[in-house]
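Below is one structure, written out as structure tokens, with a few remarks after it.
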Amino acid sequence: MLTPRLALLLTLPPLMWAGNAVVGRLIAGSVPPLLLNSLRWSIALLILLPLGRRLLGDLRPLLSRWRYFALIGFLGMGCYNALQYQALRSSSALNVTLIAASLPVWMLAIGALVYGVRPTRQQIIGALLSLSGVLLVIARGDLSTLARVQFVPGDLLMLLAVFTWALYSWLLARPPAHMQGEQRPDWGWAEMLLAQTLFGLAFAGSMAGLEQLYTPQAVHWGPGLAATLLFVALGPSLIAYRCWGLGVAQAGPTVAAFFGNLTPVFAALMSAALLGEWPAWYHGAAFALIVLGITVSSARRRA
């Protein structure tokens, strides 16, 4: 049963993720994107250290799995967020969140090619509907121009970001074969996220250093940037992760998926209010296709 508390748990994550895209767009000229990603996870690490202190009390489980956590840290924190912030320098927050809805396509493709998981017909139809919505956004509402469309660099970067997130998600769900037979450490959400952050921050910091070395950019410090850093470290990084885990555990992934697609809606409202980026008709049509795709792919098959 969907209680008010459960609805709130599942609504907060897409609200935070939409806010992450909007504020990333808002401060695109104030801080370099890779440095922003590094600062975000540095603050998140400081918050996680006391919450996940059990992890540091016995490092053997972490060290025996360091290759795995290094890989998911690289994909989930070193790549995805950095690519998203870079994409927001040339693409809108609404475009970024709608392109992220192509995730089902990448999930199905990686599942079939790498893990041998054959998608159902409903899943394929749902993924194609969601992909149609993404193409509508990229074509700016005129599908006939797709053959000669010139992609905004941010659109392509966001597609790459979604691909890395799909890899990250599959690795979380299906760890390497040699780890599946091992007993999982008695970690909570804070320890698990801290383990990823320790490695992910190493990659994020290294890329931020290279960014400043080859394309140095000034950072415009001020109260606005400080507030933004605190928000992206607390909201999209910690609060959303915790609420989503609790919500999915109670409602199941099917119900949670519908709430996840609220992200473009929240992004559209925030973009209009804060950035003056009012949605066009094709944004609404794209969102309808994405929701239809989720509905079809998650519908129960008749016996």
Side-chain angles (χ1 to χ4, degrees), residues 12-45 47 75-103 134 137-138 151-165 168 197 200-201 203-205 207-208 211-212 215 217-241 244 260 262-279 283:
L12 279 174
L15 180 63
M16 295 295 175
W17 295 329
N20 183 48
V22 172
V23 299
R25 173 72 170 176
L26 191 63
I27 64 166
S30 299
V31 57
L34 301 185
L35 180 59
L36 172 60
N37 186 48
S38 179
L39 291 172
R40 165 188 176 172
W41 287 108
S42 296
I43 298 171
L45 177 65
I47 299 170
L75 292 172
M77 298 165 187
C79 286
Y80 178 78
N81 293 289
L83 288 168
Q84 183 187 43
Y85 289 138
Q86 184 70 44
L88 287 164
R89 294 174 72 88
S90 57
S91 187
S92 71
L94 184 53
N95 271 24
V96 162
T97 54
L98 284 170
I99 290 171
S102 67
L103 180 63
V134 174
V137 172
I138 293 175
F151 290 97
V152 174
D155 294 344
L156 298 176
L157 287 172
M158 194 59 206
L159 282 173
L160 180 58
V162 175
F163 174 72
T164 65
W165 187 259
Y168 167 80
T197 304
L201 185 56
F203 292 113
M207 289 190 285
E211 177 185 53
Q212 287 300 99
T215 57
Q217 302 174 55
V219 179
H220 303 286
W221 295 103
L225 179 56
T228 296
L229 290 173
L230 186 60
F231 166 73
V232 296
L234 281 172
S237 304
L238 302 181
I239 295 175
Y241 188 96
W244 191 253
L262 289 172
T263 303
V265 176
F266 289 140
L269 296 174
M270 292 180 186
S271 295
L274 300 176
L275 303 176
E277 296 176 348
W278 295 94
H283 288 120

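These numbers come from a predicted model, not from an experiment.
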Distance in Å, W41 CH2 paired with L201 CG, rounded so as to fall on 0.5 Å steps
9.5 Å

Is the backbone N or O of S91 less than 3.5 Å from a side-chain atom of R25, with the two atoms forming a donor-acceptor pair by type?
yes

Rounded distance [0.5 Å steps], OG in S30 versus CG in L36
10.0 Å

Okay, side chain of N37, backbone of Y85: is any donor-acceptor separation there less than 3.5 Å?
no

Just distance, no hydrogens or angles: give the donor-acceptor pairs under 3.5 Å from side chains in residues 218-235, sequence neighbours left out.
from: T228; atom 1: OG1; to: G224; atom 2: O; distance (Å): 2.9

Consider only side-chain N and O atoms of S237 and R40, and report whether a donor and an acceptor are under 3.5 Å apart.
yes

Could you measure the distance from the CG atom of L75 to the CZ atom of F203? Nearest 0.5 Å is fine.
9.0 Å

Backbone N or O of P32 within a donor-acceptor pair of the Q217 side chain at under 3.5 Å?
no

N20 side chain to Q84 side chain, donor-acceptor N/O pair below 3.5 angstrom:
yes

Taking atom OG1 of T164 and atom CG of L83, what is their separation to the nearest 0.5 Å?
5.5 Å

Shortest non-hydrogen contact between A161 and Y80, atoms and distance
O-CD1, 3.0 Å

Atom pair CG/CE of L35 and M207 - distance to nearest 0.5 Å:
12.0 Å

S38 side chain to L34 backbone, donor-acceptor under 3.5 Å
no

